[in-house]
Number of protein chains: 2
Amino acid sequence: MDEIFGKIGSAQTLSQKIERRIEEAIRQKKLLVGAKLPSERELCEMFAVSRTALREALRRLSARGLIEIKKGSGMYVSELKIKDAIDSLNLYYDLSFDSNLIPQIIEVRRVFEPEIARMAANNRRDKDLDLLLKNIGDLEDCDPDNTQMEADIINKFHLNVAKASCNPIVIITMEPIYSLLPRMRNLIYANVDGEKDFTIKAHRTIYEAIRDKNADKAFEAMVGQINRTLEIYTQYLKK
Amino acid sequence: MDEIFGKIGSAQTLSQKIERRIEEAIRQKKLLVGAKLPSERELCEMFAVSRTALREALRRLSARGLIEIKKGSGMYVSELKIKDAIDSLNLYYDLSFDSNLIPQIIEVRRVFEPEIARMAANNRRDKDLDLLLKNIGDLEDCDPDNTQMEADIINKFHLNVAKASCNPIVIITMEPIYSLLPRMRNLIYANVDGEKDFTIKAHRTIYEAIRDKNADKAFEAMVGQINRTLEIYTQYLKK
DNA sequence: AGATATATTTTGGTATGATCAGTTTAAAGT
DNA sequence: ACTTTAAACTGATCATACCAAAATATATCT
């Protein structure tokens with residue numbers, strides 16, 4: 001119970017208080033997305049603080065993606081993009097990523113992705129199919145020597161499957177994980193003979209299952225795909 | 001290709017440039033975790049900028065969790081906590097939450113959580129068991145009228161299961177989702193007769209399965225628990 | 001000499017006031 | 001009615017001064 005004797009007297013700095021106040025207003029939708037905030041000078045009067053303190057609060061809010069500051073124009077409540085949240089995760093991974101995480105990432109994918117494929121088969125719309133099919137074409141056309149692009153396309157395929165699930169929570173949840181894959185490949189990428197062909201075939205199988213709304217087949221196909229990935233990574237992790 | 005004609009001349013503000021510079025130094029481990037930055041006055045001279053500009057850069061960095069600022073002491077490179085990244089995701093979910101998402105949240109939990117329970121049964125350490133057991137005790141002792149605390153405890157249980165999986169990716173992934181559960185409950189909480197008893201029994205079953213490293217049983221128990229939740233929500237969502 | 005209390009210095013936090021540089025708005029001119 | 005131009009507004013930066021917390025050095029006492 002560290003909470004009991006936690007600080008009472010505002011260990012909080014003035015600019016932090018201001019930050020909270022504005023943040024709360026946004027969270028409680030008192031300030032709607034797109035709304036224009038009063039100007040710095042006005043806010044200073046309203047809060048009865050100096051411009052210094054106020055501006056530092058605003059800088060923090062903009063750093064967190066809550067507001068957008070346009071010189072000469074004003075400050076606006078911005079729609080918090082997933083990107084902001086994901087950037088934050090990416091930064092975290094960037095600083096703490098190490099090869100020990102790779103098996104855990106694979107484990108997560110092994111467990112989650114087949115179920116996502118199943119959801120995709122159940123919920124997909126036609127336009128999701130277009131994206132998947134186009135992606136497979138991109139992979140086929142991709143220069144075999146451009147491993148970076150190849151990796152990107154493959155990741156995009158999995159992300160597209162997630163999108164086809166039509167469940168935004170799934171998409172938001174998986175996107176940060178997929179963003180890690182290129183890093184993994186950079187670490188242990190192996191240009192295994194026939195790997196690309198196998199991937200294309202696997203993707204096609206998954207695509208067809210989703211197209212036919214065959215949930216079980218989609219599930220199984222994804223299991224196969226991930227297991228293959230698992231094998232390759234395991235093999236190269238031993239080195 | 002929006003990139004082609006993108007801005008060249010620093011649409012970047014001075015304080016943003018400073019921010020990037022310091023951020024890069026941290027990313028490239030030129031500044032190690034725990035390292036003390038030069039004082040504000042010193043940095044001003046080094047960058048040849050005013051304190052204002054410098055401070056705003058520092059405020060942003062601290063808002064993003066990259067540095068920690070201690071009044072009277074100095075500024076230190078902080079170990080970016082998962083919490084910072086998760087807070088960002090939480091905020092996003094918080095702002096984009098609406099009741100239409102509830103079925104999709106439940107779907108995600110229905111699909112993911114049983115697998116997480118299985119991982120927990122396979123990987124749990126003894127101290128994870130302590131947490132789970134204590135949590136069940138907390139739920140038993142909890143005032144039945146305090147639905148808020150009850151909800152918090154229940155969420156904590158699921159989070160603890162995720163922690164017992166010993167897979168940090170799972171924890172990071174699920175925590176933002178669990179943080180939404182109290183809000184769901186607030187929307188449609190139903191004080192169903194015997195609901196609490198059922199939950200306690202279910203939690204205990206899950207706990208025992210994890211304790212005994214019985215992965216399949218853990219999986220099934222979690223399925224039962226989530227399905228029950230699903231039922232209740234479905235029932236009350238119709239109203 | 002060692003421990004304690006006190007004073008000084010260092011460091012971040014806040015407040016003002018002035019100036020610069022984009023944007024927007026309103027006025028002037030055609 | 002439209003274009004052009006000037007003014008007003010807004011955020012960005014700078015310089016200075018002073019406050020408050022923390023760390024360090026100094027003095028004091030035992």
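The figures that follow rest on heavy atoms only: side chains count, while hydrogens, waters and symmetry mates do not.
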By side-chain hydrogen bond (donor to acceptor under 3.5 Å, both in side chains), A:Glu24 pairs with (sequence neighbours left out) A:Gln28
Sorted by chain and residue number, the side-chain hydrogen bond (donor to acceptor under 3.5 Å, both in side chains) partners of B:Lys83 (sequence neighbours excluded) come out as B:Asp87
So the ring-ring contact (aromatic ring centres under 6.0 Å, His included) pairs with at least one residue in residues 125-153 of chain B (sequence neighbours excluded) are none
Here the distance between atom P of C:dA15 and atom CD of A:Glu40, to the nearest Å, is 14 Å
Side chains of residues 69-76 of chain A: which donor-acceptor pairs under 3.5 Å do they make with residues two or more places apart or in other chains?
{"unit_1": "A:Ser73", "atom_1": "OG", "unit_2": "A:Tyr76", "atom_2": "OH", "d": "2.5"}

Ordered by number, residues from residues 59-73 of chain B within less than 4.0 Å of DNA chain C (heavy atoms) are B:Arg59, B:Ile69, B:Lys70, B:Lys71, B:Gly72, B:Ser73
Footprint ends on DNA chain D, 5' to 3', for atoms under 4.0 angstrom from a heavy atom of chain A, come out as D:dT10 to D:dT13
Under a 3.5 Å cutoff, is there a donor and acceptor pairing between the side chains of A:Gln16 and A:Thr13?
no
Residue set satisfying side-chain hydrogen bond (donor to acceptor under 3.5 Å, both in side chains) with A:Arg60, at least two apart, ordered chain then number -> A:Glu19, B:Ser62
Applying ring pair (Phe, Tyr, Trp, His ring centres under 6.0 Å) to A:His203 and not counting sequence neighbours gives A:Phe157, A:His158
TODO: May I ask you to decide if B:Asn160's main-chain N or O and B:Asp128's side chain share a donor-acceptor pair within less than 3.5 Å?
DONE: no
Numerically ordered, the residues 41-56 of chain B set in heavy-atom contact under 4.0 Å with DNA chain D is B:Arg41, B:Val49, B:Ser50, B:Arg51, B:Thr52, B:Ala53
Inset, instruction - Answer yes or no: is there a donor N or O on one side and an acceptor on the other, between the side chain of A:Ser88 and the main chain of B:Leu89, under 3.5 Å? - result: no
So side chain to side chain donor-acceptor pair (under 3.5 Å) across residues 163-172 of chain B, not counting sequence neighbours, yields A:Glu107-B:Asn167
Taken in chain and number order and not counting sequence neighbours, the residues that satisfy side-chain hydrogen bond (donor to acceptor under 3.5 Å, both in side chains) with B:Arg55 are A:Glu56, B:Glu40
Taking five pairs at each terminus, the helix from C:dA1-D:dT30 to C:dT30-D:dA1 shows an axis bend, to 10°, of 10°
Determine yes or no for a side-chain-to-main-chain donor-acceptor pair under 3.5 angstrom, with A:Asn135 supplying the side chain and A:Leu131 the backbone.
-> no
